[in-house]
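As structure tokens, the structure follows; a few thoughts come after it.
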Amino acid sequence: MEQSLVIIKPDGLSKKTAGKIIAFLEKENFKMVACRMFFLDKEKAELFYKEHWGKDFYLPLVSFMSSNPSLVMIWQGDEIISGLRKIVGNTNPDMAEEGTIRKMYARDNRHNVVHCSDSTKSAQREINFFFPEEEIYNWERKEYKK
Ligand code: CMP
């Protein structure tokens, strides 16, 4: 079962799209296994996006991500990485397909509402960045029965 980090970015929270985005993921039958509100201060944002260091959008991106809190989650499901990328849509909302989250809610390629992992390798790094193992829920552990 694959996992992906999902971040509802500061613009997603201030536009009140968190519930809609979560509903989208639930409709796909993906499961949330961890969630917390997280303020990425400048240092944390620089580290999280370090692969983009030196690009022209790096510093404005860091500044945007450290402007307000984000909702940081781990979601799980079959082929969730490619599945999420399809429903989240292109980084640039002008190029995103109709019906995708970014097409509906993003303003531009920086203020693009949501982040999801682009590979299993980056998912592992991103998950470890935010969550200790004990905060990740294992749904198989117990099923509630009446
Ligand atoms: P995200 O999926 O979080 O991964 C890297 C982020 O960098 C991306 O979403 C955008 O917010 C930002 N980004 C990527 N390309 C650009 C760009 N050309 N201009 C501005 N921001 C960008």
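Order of appearance sets the numbers: ligands from 1, and atoms from 1 within every ligand.
Nearest protein heavy-atom contact of atom 9 (O) of ligand 1 is K9 NZ, 3.1 Å. Scanning the protein for heavy atoms near atom 6 (C) of ligand 1, the closest one is L61 CD2, 3.8 Å.
Geometrically, ligand 1 and H115 share a nitrogen or oxygen pair separated by less than 3.5 Å.
Only one option out of E126, Q76, Q124 pairs with Q3 in a side-chain hydrogen bond (donor to acceptor under 3.5 Å, both in side chains); it is Q76.
Heavy atoms of R102 approach ligand 1 to within less than 4.0 angstrom. Heavy-atom separations between F64 and ligand 1 are all 4.0 Å or longer.
Atoms of ligand 1 found under 4.0 Å from any heavy atom of T91, numbered from 1 in the order shown, are 8 (C), 10 (C), 14 (C). Heavy-atom proximity to R110, at under 4.0 Å, picks out these atoms of ligand 1: 11 (O), 21 (N). Near N109, meaning under 4.0 Å from any of its heavy atoms, are these atoms of ligand 1: 10 (C), 11 (O), 12 (C), 13 (N), 17 (C), 18 (N), 19 (N), 20 (C), 21 (N), 22 (C).
Y105 has its ring centre no less than 6.0 Å from the ring centre of H111. Side-chain rings of F130 and F38 approach one another, their centers coming within less than 6.0 Å.
Of the heavy atoms in H52, only side-chain atoms (C-beta onward) come closer than 4.0 Å to ligand 1.
Side-chain atoms of T100 never come within 3.5 Å of backbone atoms of I87 as a donor-acceptor pair (strictly under, hydrogens ignored). Checking side-chain atoms of R102 against main-chain N and O of N92 turns up no donor-acceptor pair under 3.5 Å.
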- What's the verdict on salt bridge (Lys or Arg N to Asp or Glu O under 4.0 Å) for E46 and K42, showing C-alpha distance, side-chain angles and the deciding distance? CA-CA 6 Å; E46 281 175 356; K42 191 169 164 286; 3.0 Å; yes

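No more than 12 heavy-atom neighbours from other residues, nucleotides or ligands sit within 6.0 angstrom of NZ on K16.
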